[in-house]
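Okay, structure first, notes after.
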Amino acid sequence: MLRKDMARFLKKSKQEIGRSPDELIFKGDQKIDQVQLRIIDFDSTNLSEDALKTVSDIVAFQHKNTVTWLNVDGLHNTAVMLEITKVFDLDTLVMAEVLNTDARPRMIEYDNCDLITLKMLSLDEATGKTHVENLSIILTENVLISFQENRGDVFEPVRERIRKQKKRIRNGGTDYLTFALLDIVVDNYLYVISVLGEKIETLEENLLLNPSEKVIYQINDYKRELNFLRKIVKPAKEMIFSITKADSDFITESTDVHFKELQDNISHANDAADYYREILSDQLNIYHTTISSKLNDIIKFLTVFSVIFIPLTFIAGIYGTNFEYVPELSFKYSYFIMWIVMIIIAIGMLLFFKRKKWF
């Protein structure tokens with residue numbers, strides 16, 4: 001289930017109207033108490049990893065001939081964000097985009113950096129809830145800065161690859177590191193959709209066995225979740241496709257191949273979301289068809305039952321009249337004859353309906 005705080009896809013307050021686009025204002029919900037800075041600096045042979053106390057500690061890594069990955073957890077402290085802007089000589093428009101957690105996923109090229117923003121999904125195995133947060137990546141020649149709303153271990157597999165001296169990532173630049181981070185994000189898209197897909201497929205089995213009213217509520221819940229996931233995946237797909245088309249100074253031709261592989265993965269996630277959406281629509285149709293079929297069976301039974309009793313009621317009505325002279329009343333076996341006639345009519349009508357295959 002998706003978190004309730006992400007129920008709305010678009011959030012816009014009246015106070016934001018008319019503000020300057022480069023004004024550094026955090027637009028989102030504060031998810032951790034303090035902004036945390038973590039840095040990994042590496043090349044093919046050396047590796048250093050540390051938690052920084054202040055932004056000024058980054059200066060020592062700026063002009064090294066290594067790949068520097070600065071990860072920022074928490075976006076609410078605008079003073080820290082402004083300091084990062086000054087240290088790396090970034091345009092304030094860049095940081096304004098980072099602080100806008102409701103921004104649509106996209107890639108923007110600036111003079112001294114590229115900015116990539118998209119939504120990131122992570123599944124809490126304990127609660128089964130899917131957490132959504134905004135991820136921003138600033139890509140420069142030697143430094144990559146990633147901004148997360150919350151502290152998490154989503155990118156821990158990438159850190160492990162760096163620690164274990166995997167050649168491709170240790171010999172690559174910030175562009176390959178960007179690919180590795182985006183690949184983790186897309187893999188989580190696929191994982192979250194697959195988990196939801198398993199529930200949808202299980203629901204299909206229950207639907208055929210027991211199409212109860214509870215199933216229709218589950219279908220609507222899954223449809224709502226899937227629609228939200230599609231609103232995340234589709235813009236991310238457009239953004240990733242735009243990366244391969246961009247003429248960026250910070251993405252080499254050798255890394256273009258990997259971004260094209262990423263296109264296949266995000267297309268797979270998008271197709272899977274569309275596929276399960278179609279399944280839910282089919283399940284909804286199956287539910288209504290099954291209910292209609294059951295209703296038709298009930299109506300058919302009641303109709304046959306009613307039609308059989310129409311002539312019997314007619315006969316009973318004749319002999320229930322208040323006329324003084326009813327010829328058959330003087331016969332000794334009139335009552336028994338009437339029952340025999342009624343039974344013959346009922347059996348005859350049942351046989352007729354059966355022959356016509358009306359029930």
Side-chain angles (χ1 to χ4, degrees), residues 1-13 16 26-32 71-76 81 94-108 114-124 127-139 144-158 178-197 222-243 259 262-274 276-277:
M1 299 293 288
L2 292 171
R3 292 183 59 183
K4 291 183 179 179
D5 59 352
M6 292 302 297
R8 293 178 60 193
F9 183 67
L10 179 63
K11 297 179 183 178
K12 187 75 173 179
S13 64
E16 296 175 22
F26 175 56
K27 302 172 185 177
D29 300 320
Q30 180 177 338
K31 297 181 180 179
I32 57 177
N71 187 79
V72 182
D73 296 320
L75 308 177
H76 57 278
M81 299 304 157
V94 177
M95 193 56 67
E97 276 299 322
V98 171
L99 294 178
N100 183 13
T101 60
D102 298 324
R104 181 181 173 84
R106 55 179 173 168
M107 175 189 180
I108 308 175
D114 289 339
L115 172 66
I116 296 171
T117 63
L118 75 165
K119 302 296 179 185
M120 183 167 59
L121 301 177
S122 59
L123 184 64
D124 189 333
T127 62
K129 290 183 178 180
T130 302
H131 299 275
V132 187
E133 63 175 302
N134 198 64
L135 170 68
S136 299
I137 297 174
I138 295 177
L139 173 63
L144 181 145
I145 312 173
S146 56
F147 297 87
Q148 297 178 240
E149 293 184 70
N150 206 350
R151 183 179 175 88
D153 58 355
V154 175
F155 295 135
E156 195 60 28
V158 178
T178 301
F179 157 75
L181 299 183
L182 293 179
D183 190 46
I184 290 285
V185 173
V186 174
D187 283 347
N188 274 284
Y189 287 171
L190 287 166
Y191 177 64
V192 171
I193 293 173
S194 68
V195 170
L196 181 60
Y222 292 155
K223 199 168 186 179
R224 194 159 43 243
E225 287 186 43
L226 197 57
N227 283 338
F228 187 83
L229 290 176
R230 290 175 73 245
K231 289 179 180 179
I232 292 174
V233 174
K234 283 186 177 295
K237 177 185 175 183
E238 294 173 10
M239 185 275 296
I240 290 173
F241 271 71
S242 69
I243 292 177
F259 280 109
L262 197 60
Q263 285 182 343
D264 294 335
N265 290 339
I266 192 67
S267 295
H268 185 196
N270 183 67
D271 293 343
D274 289 340
Y276 285 120
R277 185 170 181 267

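These figures come from a predicted structure and were not determined experimentally.
Closest approach of Asp102 and Lys119 over heavy atoms only: CA-NZ, 3.8 Å. Across every non-hydrogen atom of Arg277 and Leu226, the tightest pair is N-CD2, 3.1 Å. Between Thr101 and Gly28, the closest heavy-atom pair is OG1-CA, 3.4 Å. Minimum heavy-atom separation, Ile193 to Val233: CD1-CG2, 4.1 Å. Val72 and Ile145 get closest at one heavy-atom pair: CG2-CG2, 4.1 Å. Taking every heavy atom of both residues into account, Ser136 and Thr117 meet most closely at OG-CG2, 3.5 Å.
Checking side-chain atoms of Asn270 against main-chain N and O of Ile266 turns up no donor-acceptor pair under 3.5 Å. With hydrogens and angles ignored, the 3.5 Å screen pairs a side-chain donor or acceptor of Glu133 with a backbone N or O of Glu149. Between the Glu238 side chain and the Ile240 main chain, no donor and acceptor come within less than 3.5 Å of each other.
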*Evaluate the side-chain contact (heavy atoms from CB on, under 4.5 Å) criterion for residues Leu121 and Leu229: first the C-alpha distance (whole Å), next the side-chain angles of each, then the deciding distance (0.1 Å), finally the verdict.*
CA-CA 9 Å; Leu121 301 177; Leu229 290 176; 3.6 Å; yes

_Applying side-chain contact (heavy atoms from CB on, under 4.5 Å) to Thr130 and Phe228, what does each step give before you reach the verdict?_
CA-CA 11 Å; Thr130 302; Phe228 187 83; over 6 Å; no

*Hey, mind stepping through Leu135 and Gln148 against side-chain contact (heavy atoms from CB on, under 4.5 Å) and telling me if it holds?*
CA-CA 5 Å; Leu135 170 68; Gln148 297 178 240; 4.1 Å; yes

_Set out, in order, the CA-CA distance, both residues' side-chain angles and the distance that settles side-chain contact (heavy atoms from CB on, under 4.5 Å) for Phe147 and Ile138, then state yes or no._
CA-CA 8 Å; Phe147 297 87; Ile138 295 177; 3.5 Å; yes

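With values rounded to the nearest 0.5 angstrom, Ile108 atom CD1 is found 10.5 Å from Ile116 atom CD1. Atom OG of Ser194 and atom OH of Tyr276 lie 7.0 Å apart (nearest 0.5 Å). For the atom pair His268 NE2 and Leu190 CG, the distance stands at 6.0 Å (nearest 0.5 Å). Atom CG of Asn265 is separated from atom CZ of Phe259 by 12.5 Å, given to the nearest 0.5 angstrom. Residue Lys31 holds its NZ atom at 13.0 Å from NE2 of His76, rounded to the nearest 0.5 Å. The CZ atom of Phe179 sits 9.5 Å away from atom CD1 of Ile184, with the distance rounded to the nearest 0.5 Å.
For the residue pair Asp73/Asn71, the side-chain donor-acceptor check at 3.5 Å is satisfied.
Ion pairing between a basic and an acidic side chain is recognised when a charged N comes within 4.0 Å of a carboxylate O; Lys237 and Asp271 show no such pairing.
Met107 is not listed as a side-chain neighbour of Leu115, based on a closest heavy-atom distance of 4.5 Å or more. Counting heavy atoms from C-beta on, the side chains of Tyr191 and Leu123 come closer than 4.5 Å. The shortest side-chain heavy-atom distance between Lys27 and Leu99 does not fall under the 4.5 Å cut-off. Residues Leu182 and Thr178 meet the side-chain proximity criterion, which asks for heavy atoms closer than 4.5 Å. Taking 4.5 Å as the limit, every side-chain heavy atom of Met120 sits out of range of all side-chain heavy atoms of Asn188.
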